[in-house]
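The structure appears right after this line, and notes come after that.
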Amino acid sequence: MKQLRTHLSSLDGLTDAMVQQTTDWALINSGTPNLDGIARVAAAVLPSFEALGFQAKTLPPAAATTVNRDGDIVPLTRGPVYHLSNRPDAPKRILLAGHLDTVFPADHTFQYVHLKGDKLHGPGCADMKGGIVVMREALRCFEASPFAGEIGFDILFNSDEETGSHASSPTHEHFAQKCDVGMVYEPALPDGSLAGARAGSGIYTFIVKGVAAHAGRSFHDGRNAIVGAARLITAIETLNGQRENCTLNLGTIKGGVASNVVADLCLVVLNVRGRTPSDMKWIDDNVRGLIGSENFGPDISVEIHGGVHRPCKPNEGGTLALFEAVKSCGAELDLNIAWAPTGGCCDGNNLAAAGLPTVDTLGVCGAYIHSADEYALKESFVERAKLSALVMMGLAAGEISWPDRV
Ligand SMILES: [Zn+2]
C-alpha cells in the first residue's frame, strides 16, 4: 500500500478548487421536486465526469406512486437516474453512487453558501454535492494512475434519494448485481467516523375514509374519518415498545375541511425503523394486521399505501471486509477510520440488500445535514478524495482483496 500512496500527490493543494466546485453546485437548488434544478445540476456535473472518459446515459425514473391530498393514489413525478460508465469489459467493477437532490425546496430560505473558518455552510455542501466532488477528484486521480485499466466503474446519480429513492432503487439494484464493490458518497461525521450498520425503514400512508355531513343539520349521517384515524393511531402506538429496536413514528396527519363538516378523509403517514430483516417483517405484519383486524368505526375504511423501502444494512460479510479495507487505507493516510451503527438510511441500504459489499459514507465530513446549519469540513475534501482513490487503487492493484458478495 505504501507505494500506492505516491500516486495520490495530484490531489495535494486541491482544497480551494474542490470547495469552489461544491459552492457552484450547491448554489443550484435541487430539492427533490425541483426537476428543473436537478436537470441543471446534472448539466453541470455530468460533463466533468465525461471529461474523464465516462459515457453518460439518462435513465427514466421507475414507475412509482404516491397519495395526493384527495386520498387518491397517483403516479409519483421524479427526476431520472444518470448513469456513467467506463471500460464495460473490465473483469471487476466498482459501483459509485451519489444523489443530485437535496432536502431543500426551491422556496427554502437556505440558498446561500459561505465559508466560515474551517466550515463550508450551504445546502447540500455535505449531503452531497461535496461528496460528488470528492468522488470525481478520486476518480481523476485513479484514472491517471497505472492501475486504471484493471477495473471499470458504473456511477449512478439519482434524483430522489432524499425522499426514499422510490423511483431509482430498481436501477440501483440492477447495477448492484453487475458490480463487485459499492462506494456511496454520503457525508461522514465531523470526526471522520463512517456509518456502519444501518436501520431499515418503511413509510406507510393510511387513507382513512368516512362520510361527509353537515355538522349541524345531519351530524348523525356523517362518519368522521378523523375519529377513525384517531382509533388507528392509538392502535399503531400500542406496537411501540413491544419489540426491541422497532420504532413506529406517526409523522403527519391531515384531515377535514372545516369545523362544521364531518370529515370524510384523513391521511396519516407513519415512518418505521428496525435493525434486522425480522424486525422489519414484524413491523410490516403487525401494521397490516391492524388494518385487517381492528374496527375503526362503522362505514370507516382504511387503505394502506407504501411499505418497507429501505432494507436493513447489517455490517457483516463482504461489507465488513470492505470497511476493514477502508480502515487500513485510512491508516496509510494517518486517518483513524471508525464506524458506528445508525438509525439513518440511504441508497447503501438498497445496494447492500442486493448483495453488493458497500461502504456508504465516503463523502466529505460534515454535520447538521437536512438543516440550515449544514456544513462540510473544508479540510476533509482532499483527505476523503485520497481515501477513496487509495481504496480504488488498492483493489485494482490487488493489494486489497475483493470482498465476497453477501
Ligand atoms: Zn444524502
Side-chain angles (χ1 to χ4, degrees), residues 18 21-22 25-34 37-38 41-42 45 61 78-82 95-105 108 110 113 120-136 138 155-169 171-172 176 182-190 192-201 203 271 273 309-311 313 339-353 358-377 380-381 384-385 388:
M18 293 175 78
Q21 180 70 91
T22 302
W25 290 348
L27 286 172
I28 307 171
N29 177 277
S30 59
T32 312
N34 181 3
I38 286 169
V41 173
V45 168
R78 290 292 182 244
V81 182
Y82 301 94
L95 176 55
L96 304 175
H99 59 84
L100 302 184
D101 63 325
T102 71
V103 297
F104 303 102
H108 198 281
F110 188 39
V113 179
L120 183 69
H121 291 269
C125 282
D127 185 16
M128 65 159 56
K129 286 162 180 172
I132 295 171
V133 175
V134 167
M135 181 204 294
R136 188 192 65 189
I155 307 173
L156 296 176
F157 292 124
N158 56 347
S159 306
D160 66 342
E161 193 277 340
E162 295 292 7
T163 53
S165 301
H166 294 99
S168 56
S169 54
T171 304
H172 283 79
M183 299 170 72
V184 184
Y185 286 79
E186 294 289 347
L189 296 177
S193 306
L194 310 180
R198 286 186 180 272
S201 178
I203 301 172
N271 180 223
R273 309 266 165 157
H309 64 290
R310 297 290 197 199
K313 180 175 183 268
W339 50 84
T342 173
C345 305
C346 73
D347 288 327
N349 288 63
N350 301 74
L351 296 177
T358 301
V359 173
D360 55 30
T361 32
L362 290 166
V364 291
C365 301
Y368 301 119
I369 59 171
H370 299 191
S371 86
D373 294 321
E374 175 177 356
Y375 71 82
L377 276 177
S380 69
F381 281 86
R384 295 286 143 163
S388 271

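In each ligand, atom 1 is the first atom listed, and ligand 1 is the first ligand listed. Scope of the values below: all heavy atoms of this structure, side chains included, with no hydrogens, waters or symmetry mates.
Counting only protein N, O or S atoms, 4 lie closer than 2.8 Å to the Zn ion (ligand 1).
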Cut-off 3.5 Å, no hydrogens considered: what does the side-chain donor-acceptor table look like for residues 123-133, sequence neighbours left out?
residue, atom, partner, partner atom, Å
D127, OD1, H99, NE2, 2.9
D127, OD2, H370, NE2, 2.9
K129, NZ, W25, O, 3.3
K129, NZ, I28, O, 3.0
K129, NZ, S30, OG, 2.7

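By the ring-ring contact (aromatic ring centres under 6.0 Å, His included) test, Y375 is found to be paired with H121, residues two or more places apart in sequence or in another chain being considered.
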Please step through side-chain contact (heavy atoms from CB on, under 4.5 Å) for the pair V184 and V359, ending with a clear verdict. CA-CA 6 Å; V184 184; V359 173; over 6 Å; no
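Evaluation of the salt bridge (charged side-chain N to carboxylate O under 4.0 Å, His left out) test over residues 156-167, restricted to residues two or more places apart or in two chains, returns E161-R310.
Without hydrogens or angle criteria, N29 side chain to F104 main chain gives a donor-acceptor distance under 3.5 Å. A donor-acceptor pair under 3.5 Å links the side-chain atoms of R273 to the main chain of G343, judged by distance alone.
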